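First the structure, in the form of structure tokens, and then the observations on it.
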Amino acid sequence: MRLVTYGGACSLDGYIARADGSVDWLHFSPDVAAIMKDYWARIDTMLVGRKTWEVMAASFGGGRARPSKRKNATKAGRIQTYVFSRTLSDDPAPGVTLVRDDPGAFVTRLKSGPGKDICVMGGGELAGSLFAAGVIDEVGFNIQPVLLGGGIPAFVSAGRETPLELVECRQIDGGCVYVSYRTRTSR
């Protein structure tokens with residue numbers, strides 16, 4: 001069965017971006033590049049909510065695939081992307097599929113199908129619904145040494161407790177701490 005992972009980088013007080021979406025406070029290093037390279041090699045599917053998609057689309061020219069010279073970059077055709085939205089009317093871009101179904105039921109079906117692992121990308125609203133459905137298997141964050149005091153939260157209430165088991169915890173460059181957990185309630 002495919003694993004569903006959620007994570008990224010966050011401030012010590014749990015924000016993935018400032019309220020305006022900026023991430024100028026993130027520290028990138030060779031340690032982070034190595035973690036990302038290993039991670040992106042494990043996945044072939046990315047799940048994003050509408051708000052995250054809009055940020056991604058603005059960054060990549062309205063959602064059109066752009067070639068990248070980065071070895072671990074997402075390339076069209078390699079990563080299947082699903083955007084969850086009740087307000088978008090059409091598939092957001094070539095090779096990107098709009099999903100209006102219940103996220104938990106949709107991801108349950110994806111997990112049982114063929115393929116590599118599945119990445120939940122971006123803010124906590126989609127992740128919250130997937131935690132509520134019990135379909136997230138792993139959580140991993142690069143915790144940055146900064147208190148933002150507000151912004152876009154990494155976690156939105158799932159309405160239930162999710163026990164975690166520590167898989168890895170290590171200090172990385174820049175005073176950051178990388179943590180990885182396995183959910184103990186995943187189905």
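Just so it is clear, the values below take in all heavy atoms, side chains as well, and ignore hydrogens, waters and symmetry mates. Residues: numbered from 1 along the sequence shown. Small disclaimer: the values here were computed from a predicted structure and weren't measured.
Going from atom CZ of Arg78 over to atom NZ of Lys116 covers 7.0 Å, rounded to the nearest 0.5 Å. Note that CD1 of Ile16 is 10.0 Å distant from OG of Ser11, once rounded to the nearest 0.5 Å. Between the CG atom in Leu148 and the OH atom in Tyr15 there is a gap of 8.5 Å [rounded to 0.5 Å]. Remark: Asn142 CG to Leu26 CG distance equals 8.0 Å, nearest 0.5 Å. To the nearest 0.5 Å, atoms CZ (Phe131) and CG (Leu126) are separated by 10.5 Å. Summarising the geometry, atom CD1 belonging to Ile118 is positioned 5.5 Å from atom OG1 belonging to Thr45; distances are rounded to the nearest 0.5 Å.
Contact record, Gly113 with Arg2: O-CD, 3.2 Å, taken as the closest heavy-atom pair. Across all their heavy atoms, Cys10 and Ala154 have their closest contact at CB-CB, 4.5 Å. Pairing each heavy atom of Pro145 with each of Gly174, the nearest pair is CG-O, 3.4 Å. Listed here is the closest heavy atom pair of Ile152 and Gly21: CD1-CA, 4.1 Å. Considering every non-hydrogen atom in both Ile172 and Val32, the closest pair reads CD1-CG2, 3.9 Å. Nearest heavy-atom pair across Trp40 and Cys119 is CH2-SG, 4.4 Å.
Atom CD of Glu125 has 12 or fewer heavy atoms from other residues, nucleotides or ligands within 6.0 Å.
One hydrophobic cluster, built from ILVMFWY side chains closer than 4.5 Å, cannot hold both Leu166 and Leu3; they sit in different ones. Under the 4.5 Å side-chain heavy-atom criterion for grouping Ile, Leu, Val, Met, Phe, Trp and Tyr, Tyr6 is connected to Val179 within one hydrophobic cluster. The hydrophobic cluster containing Leu164 also contains Val177, counting ILVMFWY residues as joined when their side-chain heavy atoms lie under 4.5 angstrom apart, directly or transitively. In this structure, Leu130 is a member of the same hydrophobic cluster as Leu110, with clusters built from ILVMFWY side-chain heavy atoms closer than 4.5 Å. Residue Ile43 is grouped with residue Met121 when hydrophobic side chains (ILVMFWY) are merged at heavy-atom distances under 4.5 angstrom, including chains of intermediate members.
Side-chain atoms of Thr183 come within 3.5 Å of backbone N or O of Ile136 as a donor-acceptor pair. Between the Asp173 side chain and the Asp31 main chain, no donor and acceptor come within less than 3.5 Å of each other.
By the 4.0 Å N-to-carboxylate-O rule, Asp137 lies close enough to Lys111 to be salt-bridged with it.
Between Phe106 and Phe84, the angle of the ring planes goes over 60°, which puts this pair in the perpendicular group of the 30/60° scheme.
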Taking it one step at a time, do Asp101 and Arg109 satisfy salt bridge (charged side-chain N to carboxylate O under 4.0 Å, His left out)? CA-CA 11 Å; Asp101 299 345; Arg109 289 189 303 273; 3.1 Å; yes
Side chain to side chain contact (heavy atoms under 4.5 Å, CB included) between Thr87 and Arg50, worked out: CA-CA 8 Å; Thr87 59; Arg50 179 195 51 81; 3.1 Å; yes
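By the 4.5 Å heavy-atom criterion applied to side chains, Val139 and Phe155 are counted as neighbours. Between Val48 and Met56 the shortest side-chain heavy-atom distance falls below 4.5 Å. Counting only heavy atoms from C-beta outward, the side chains of Leu12 and Val146 never approach each other to under 4.5 Å.
A donor atom on one side chain and an acceptor atom on the other are not found under 3.5 Å apart for Arg42 and Thr5.
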